[in-house]
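A short worksheet on the structure shown next.
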Amino acid sequence: MSNLSAQSSSQSRFDSLQTIVARKPKTVESPKDEKGNLIKVSELYGSSVFSLKQMQQKLPSDIYKRLVQTTQAGKKLDQEVATVVAHAVKEWALEHGVTHFCHWFQPQTGSTAEKHDSFLTLDSNNNAIERFSGSQLIQSEPDASSFPSGGMRTTFEARGYTAWDPTSPIFISDSGTTKTLCIPSVFISYHGDALDEKTGLLRSNEVLSERACKLLHVIGDQDAKIVTATLGPEQEYFLIDRSQYALRPDLISTGRTLVGARPPKGQQLEDHYFGSIPARVLAFMADFEFELVKLGVPVKTRHNEVAPMQFETAPIFEEANVAIDHNQITMETIRRVARKHDFEALLHEKPFAGINGSGKHNNWSMSITSAGSELQGVNLLDPGKTPHQNLRFLLFLSATLKGVHKHAGLLRAGIASPGNDHRLGANEAPPAIISVFLGNMLDNMLNEIEKDTHKSLNYQEAVIKLGVSKLPTVMKDNTDRNRTSPFAFTGNKFEFRAVGASVSCAFPVTLVNCAVADGISEVTAMLEAKMKTAKSKEEAIFDVIKEVIKETKAIRFEGNNYSDAWVTEAEKRGLPHLRTTPEALHEIISEKSKKLLTGLGVFSDEEVKSRFHIRIENYNKRLLIEGECLLMMVETQILPACYQYSTVLAEGIAASKAAGVNAPQTEVLAKLNQVIGAAQGELKKFERTLEAIKSLSNEEEAAKKIASELKPLMDALRVQCDLLENMVADNFWPLPKYREMLLLS
Ligand code: ADP
Ligand code: MG
């Protein structure tokens, strides 16, 4: 009887292993045109996008011009233009076999939302026709009551609007069976409050542009009209086989494993990083990349990551708003296409304990995107060729340092999430302290400038002495990288590395934009004051840079961010160290942050508060789901497996005794029962605390208790479960093990 029950508990696990061993890579069709001829990826690029080029071809030229003008000015579209555009979009969509359209938006849930409507309408004679009007293009009214608003909407005014964001291209999403026209949109309440991730981002882009242009004008770059934040998000993810995913309730409901003993071979051998990509995975990658290319997402890089079964995809950078939409599309496409290849993609920050987690390095910079001169396209964080260009670079670099230094706590809050709590401060991710890495060469130069030993020199001599004039050649060779820094300068951009893999980049980037916009404003004010007395503009700029370098020294750190020494040092420097999500989130509603965000006009007071509340609520919900899930797994899977095995051992002992021989299993059984007892003890404490927290009505209090009480108890319970996994006979264990999930495919 015991044999039968042992079989039933682990049979599905063994079946899944057989399934995996028999899997073959799926064939992936190379892109072809309508006639079936092979085409290049560059020809496939953007074929499912109603791009500017499409618009130029399909729209009357005056309408096209007006559309582009409104887009660039960020103004509302007028009805006449909308009507013509809607017609052209509809015709294009119908040609591609599209049946439905939707406003595609980003409520603060981390993912995207859409409500589909068919083009099908009945005209006055009851004839079926396809229709898509200008107002349907511009605006829609989904039922907003089921999206988080953080207290901004009472139910009686639950209406929300989505409005077309013409700065991000319309695209066709193809599920394989049906095609939908997706119109990137913002999502706002009846009173105009931002209910989504995009509205704040667009506002922050605008204010960054305005402040950066002002500074450029002050230093003599009069032609700059628009400055755009640019973004290249590198996306990390894990893959596991679908058949194993199906057997892990924790992965299904929380995205991470809540239990699981460390495998004998993890990433110690470091043989996976940049190693050759397994054939099944490569087929999956090729497949999702073709899909992304069609959608105009410029995917560029693919490789293995540090952990087994961990991978990365990175695009060519784009303007932040489009890059963020594209990253959302990337995450959705990865998930969907993975299933086609019998994988499940795990985008969680820490799917497996003791093994590298997943982040999303946000490569960020600022570019002049509108100027009637050679300023067009200039990357403000790229050193140039002339002393003027290099001073400009150092000035914008200083402004960035200033912003990050002043708002380090808020930037930390922007990346706070339950998943990221497992990464930040753990061994493979930057700690929960924001600091900036500049690299040896730049760091030395700033130190020289700060020391001011060249005070006797005039500005031009100083520039030469300090190497400011030969920045670019030195920078090009600058290969030193500090992988431990959360905010690292990498030659011509900053890399905000602490962002979690599963989240939208919108909020973190909004906050970086705001912090830097503030830094730029302060630098501009300093410069304007200095210019009144300085001998020359250049002297004044140089003086400001010098001052900012001194003032922001605390935020710069070139050493190992993972070391304990840094934690102590950072505390000495007065840098905020916010270990948990609830702690960090309070930074959003600090007086300093509120002043920044409302002062720049990016969020109203209400919107700031709602962002805090939504995140606290989300933290609680996720952690309570984890708690419930762990409880269920321990009670219905793990302990039953242990009892079964202990029964078998007991039966064996009884049989041995009856036969009059030694029963060496006695020792094993005693030890097993002891750990089972310990697990039961932890389970009781855990369950009691979980119930107590569930009954709390104050969300902030609940969040605090979850972080300080529930999480340690979850960890303690897990320790016992993982001990049991290594004690119970393998053929009794119901859950796919780490070694199987990570080292198979
Ligand atoms: P590395 O991190 O090794 O320098 P890359 O140069 O390939 O790697 O860049 C990593 C990411 O940074 C890519 O997505 C790239 O497009 C992006 N990137 C490069 N330049 C910029 C920029 N000016 N602004 C934003 N992202 C950028
Ligand atoms: Mg990188």
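Read the numbers this way: they start at 1 and go in the same order the structure lists the ligands and their atoms.
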Taking 4.0 angstrom as the limit and counting only heavy atoms of N379, give me the atoms of ligand 1 inside it, by number and element.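 By the 4.0 Å cutoff, the relevant atoms are 23 (N).
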
Under 4.0 Å from a heavy atom of S365: give me the atoms of ligand 1 that qualify, with their elements.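 So the answer, numbered in order with elements, is 22 (C), 23 (N), 24 (N).
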
Got a salt bridge between [X] and [Y], using NZ or NE/NH1/NH2 to carboxylate O under 4.0 Å?
X: E234; Y: K300; result: no
X: E349; Y: R256; result: no
X: E344; Y: R335; result: no
X: K553; Y: E450; result: yes

Looking only at distances, can you tell me whether any N or O atom of I316, backbone or side chain, sits closer than 3.5 Å to an N or O atom of ligand 1?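 No: no nitrogen or oxygen of I316 is under 3.5 Å from one in ligand 1.
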
For atom 14 (O) of ligand 1, the option (of P315, A314, P233) bearing the nearest heavy atom: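 Heavy atom nearest to atom 14 (O) of ligand 1 belongs to P315.
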
Nearest to atom 5 (P) of ligand 1 by heavy atom, K300, K493, E319, E495: which?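 Ranked by closest heavy atom to atom 5 (P) of ligand 1, first place is K493.
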
Measuring from the heavy atoms of T490, does anything fall under 4.0 Å of ligand 1?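 No, T490 has no heavy atoms under 4.0 Å from ligand 1.
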
Using 30° and 60° as the class boundaries, would you call the ring planes of H348 and H422 parallel, tilted or perpendicular?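 Judged by the thresholds at 30° and 60°, the geometry between H348 and H422 is tilted.
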
Where does the angle between the aromatic ring planes of F171 and W104 fall among parallel (under 30°), tilted (30 to 60°) and perpendicular (over 60°)?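 Perpendicular, since the angle between the ring planes exceeds 60°.
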
Can you tell me how far apart NZ (K493) and CH2 (W364) are? Round to the nearest 0.5 Å.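 These two atoms lie 13.5 Å from each other.
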
Of the side chain and backbone of [X], name the one, both, or neither that has a heavy atom under 4.0 Å from an atom of ligand 1.
X: H361; value: neither
X: E234; value: side chain
X: T230; value: both

